[in-house]
Amino acid sequence: MIKGATEMYTREQLIALVQDHAATHETYPFNKINSHETIIWTVMKHNASNKITAMIF
C-alpha cells in the first residue's frame with residue numbers, strides 16, 4: 001500500500017501494483033465455471049518459481 005493512502009484500490013490497480021513490484025502472472029484457480037461462489041479470487045504467482053505472491057479478492 002502506498003504510504004498515506006486512504007482510499008481503496010480496484011482489482012485492476014492491485015494487480016498492476018503487484019506486477020510492477022515483482023515478476024508475476026495472474027491465475028484464477030478457485031473460480032470454476034460451474035461454481036456457485038460469487039467472490040472472484042485472483043492469485044498472483046511468481047513467474048520463475050510459480051509460488052504465490054499475492055491473493056486478491
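FYI, side chains are in, hydrogens and waters are out, and symmetry mates aren't considered; it's all heavy atoms of this structure. We count residues from 1, following the sequence as given.
Trp41 and Ile15 are assigned to two separate hydrophobic clusters, defined by single-linkage of ILVMFWY side chains at heavy-atom distances under 4.5 Å. If you chain together hydrophobic residues whose side chains sit under 4.5 Å apart, Ile52 and Phe30 fall into the same group.
At a threshold of 4.5 Å between non-hydrogen side-chain atoms, the residues Arg11 and Ile40 count as touching. Looking at heavy atoms from C-beta onward, Lys45 lies out of side-chain contact with Thr24 at the 4.5 angstrom threshold.
Sequence neighbours left out, the pairs with a member in residues 12-23 that pass side-chain hydrogen bond (donor to acceptor under 3.5 Å, both in side chains) are Thr10-Gln13.
Nearest heavy-atom pair across Thr53 and His46 is OG1-N, 3.5 Å.
Exactly one of Ile56, Asn31, Leu14 qualifies for a side chain to side chain contact (heavy atoms under 4.5 Å, CB included) with Thr42. That residue is Ile56.
Here NE2 of His25 is found 8.5 Å from CE of Met44. Values are rounded to the nearest 0.5 Å.
Heavy-atom neighbours of Phe57 CZ from other residues, nucleotides or ligands within 6.0 Å: at or below the threshold of 12.
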